[in-house]
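Right, one structure below, let's go through it.
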Amino acid sequence: MQPHIIWEEFLKIVKEESGSQVVETWFKAVTLQEVDLYTNSITLAMPNSFICNWIREHYNELLQTHLKRLLNTPALHITFLPHHGKTSTSHKGEYALAYPLPPKEQPLFRSPHPSVTPTEVPPASSASLPTRNNTPVLHHTAHYKPACTPNEHYTFNSFVVGPSNSLAHGAAYAVSQSLASCYNPLFIYGGTGLGKTHLLHAVGNEAKQKNPGIKVRYETADHFMNEFIKSIRFDKGHEFRERYNSVDLLLIDDIQFFANKEQTQEIFFHIFNSLYNQKKQIVLTCDVMPEEVKGLQHRLVSRMEWGLIADLQTPDLETRIAILNRKAEQQNITITPEVAAFIASRVNANIRQLEGALIRVDAFSSLTGQPIDISLARRVLLNSGVGSGNNARNAVEMNLVTHAIAEHYNLTVAEIKSKKRDKDTTLARQVTCYLIKKLTPYSLQSIGTYLGGRDHSTVIHALTKIEERIGKDPVFEKKIKMLESAITSQ
Ligand code: ADP
Ligand code: MG
């Protein structure tokens, strides 16, 4: 496994937690240069000592929390190296100070090798570092991509299609084949980690490959907003708008960030109109449907509804297994079908978590030298709080519950997750909410997302309804108990 995969994972989490500005400003230019799983230590290379000090002072905890989880380690030593690129030369001053501190400041982290004198700290970017006890010492050299261009890792080829995403995938592919002629705008929505960003980049990459001359612009909504604010501050509003004049394909990710940002919505509205009138393609993603974005102007909502709205649902077990196998293959991780099925059945909230689980399992296997088998996967997932071997409640997954209820009510899982509102489907869906809540550790929000992108208030409503009915109707109560025990005994 490559350190850059862990680092990319880390960047995704930070982006979700703190927004893309933090990533762009501080972490984008940082490289995870070395991961030593034997000593639980990593080296981060920074472009300069200002960024180095800032990150160490302000983001220490964030780094520790997420990297420890991603590397599945209870402790982590971080070495901060400023001026990457220079570290492989025998510049004594730089090695001597693995922590680039002003003279009076004390190091925040202890060296993973306390007995090693500073000059013995090996040059971090040297390609011929030894491995310790056969534990791999991994290196990575940064690849920088210009801003606002699609990330070429996210392609249609690497996107696994299943019932949960076939509509969005099909629409995105159609758009990439013929810009501004079928669905304009294309609006893709769905819960976090379900593939929105992946599809958006894939449209950009595919369209570019088909028409090499075209101008494609990808950006997140909060990048758009920050650039816009900057442009106003520096009196460059006109230049800001001009950037979009010659764009053939505009891809804006996570437009829910526009909520309540009146001025940003205003400028976006004009850009949208101008591109649309010039028959240029626009693709947008969002975590909910346009009408559900609170604080989005009506005129924008209605424009977003002009084209096609396609949703991404939580993938079923088969799709999760296929995705896991694809990711393992891409990252040269060998997993048996049993392990893939095990991980996929334990991690069902979203695909990002699925990837994270695979990375942790692989890291743990490298750390301990054990092969990746079910018992190792179980230990890793248990430690990281995903799934559980000894807590029977956690072991019952959302899918298991839904399948059992669908079968009982003679429906399909897709119908339970669908928008259908007839009496039987609604009741089955409410029972599903109730039993998932009772038998699994998932939050109201993730249950809602899983059950067709509903919000947590819908889940609360369902729980109340079922509890009320249980209180009033002993036959119904018995039925629920019977369903519950059928599920837990599986
Ligand atoms: P979102 O933008 O919806 O939060 P992302 O597009 O960032 O989610 O997806 C999270 C991760 O899951 C990415 O690494 C992406 O490549 C992967 N992923 C999502 N859906 C699929 C899929 N159908 N096939 C393969 N990988 C996927
Ligand atoms: Mg995204």
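Indexing begins at 1, ligand by ligand and atom by atom, following the structure's order.
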Could you check whether N399 and T402, counting side-chain N and O atoms only, form a donor-acceptor pair closer than 3.5 Å? no
At a cut-off of 2.8 Å, what protein N/O/S atoms sit near the Mg ion (ligand 2)? T197 OG1
Considering only N or O atoms, set out every pair between ligand 1 and the protein closer than 3.5 Å, with distances to one decimal place.
{"from": "ligand 1", "atom 1": "2 (O)", "to": "T197", "atom 2": "N", "distance (Å)": "2.9"}
{"from": "ligand 1", "atom 1": "2 (O)", "to": "T197", "atom 2": "OG1", "distance (Å)": "2.7"}
{"from": "ligand 1", "atom 1": "3 (O)", "to": "L194", "atom 2": "N", "distance (Å)": "3.2"}
{"from": "ligand 1", "atom 1": "3 (O)", "to": "G195", "atom 2": "N", "distance (Å)": "3.1"}
{"from": "ligand 1", "atom 1": "3 (O)", "to": "K196", "atom 2": "N", "distance (Å)": "2.9"}
{"from": "ligand 1", "atom 1": "3 (O)", "to": "K196", "atom 2": "NZ", "distance (Å)": "2.8"}
{"from": "ligand 1", "atom 1": "4 (O)", "to": "G193", "atom 2": "N", "distance (Å)": "2.6"}
{"from": "ligand 1", "atom 1": "4 (O)", "to": "R352", "atom 2": "NH2", "distance (Å)": "3.0"}
{"from": "ligand 1", "atom 1": "6 (O)", "to": "K196", "atom 2": "N", "distance (Å)": "3.4"}
{"from": "ligand 1", "atom 1": "6 (O)", "to": "T197", "atom 2": "N", "distance (Å)": "3.1"}
{"from": "ligand 1", "atom 1": "6 (O)", "to": "H198", "atom 2": "N", "distance (Å)": "2.8"}
{"from": "ligand 1", "atom 1": "7 (O)", "to": "R352", "atom 2": "NH2", "distance (Å)": "2.7"}
{"from": "ligand 1", "atom 1": "8 (O)", "to": "G195", "atom 2": "N", "distance (Å)": "3.1"}
{"from": "ligand 1", "atom 1": "8 (O)", "to": "R352", "atom 2": "NH2", "distance (Å)": "3.3"}
{"from": "ligand 1", "atom 1": "14 (O)", "to": "K12", "atom 2": "NZ", "distance (Å)": "3.0"}
{"from": "ligand 1", "atom 1": "14 (O)", "to": "E355", "atom 2": "OE1", "distance (Å)": "2.8"}
{"from": "ligand 1", "atom 1": "14 (O)", "to": "E355", "atom 2": "OE2", "distance (Å)": "2.8"}
{"from": "ligand 1", "atom 1": "16 (O)", "to": "H198", "atom 2": "ND1", "distance (Å)": "2.6"}
{"from": "ligand 1", "atom 1": "16 (O)", "to": "K327", "atom 2": "NZ", "distance (Å)": "3.0"}
{"from": "ligand 1", "atom 1": "23 (N)", "to": "V160", "atom 2": "O", "distance (Å)": "2.8"}
{"from": "ligand 1", "atom 1": "23 (N)", "to": "N165", "atom 2": "ND2", "distance (Å)": "3.2"}
{"from": "ligand 1", "atom 1": "24 (N)", "to": "V160", "atom 2": "N", "distance (Å)": "2.8"}
{"from": "ligand 1", "atom 1": "26 (N)", "to": "K327", "atom 2": "NZ", "distance (Å)": "3.1"}

Residues, nucleotides or ligands: over 12 heavy atoms within 6.0 Å of E305 CD: yes
Derivation and outcome, salt bridge (Lys or Arg N to Asp or Glu O under 4.0 Å), residues E219 and R243: CA-CA 12 Å; E219 68 191 306; R243 282 183 208 166; 5.8 Å; no
Within a reach of under 6.0 Å around CD of Q445, are more than 12 heavy atoms found that belong to other residues, nucleotides or ligands? no
Looking at K236 and E227, is any side-chain nitrogen of the basic one under 4.0 Å from a carboxylate oxygen of the acidic one? no
Does K196 qualify as a cation-pi partner of Y189, given the criterion of NZ or CZ under 6.0 Å from the six-membered ring centre and within 45 degrees of its axis? no
Distance under 6.0 Å and angle within 45° of the ring axis: does R217 meet both against Y244? yes
One should read off an interatomic distance between L76 CG and L63 CG, to the nearest 0.5 angstrom, of 8.5 Å
Checking R299 against F269: charged group under 6.0 Å from the ring centre and within 45 degrees of the axis? yes
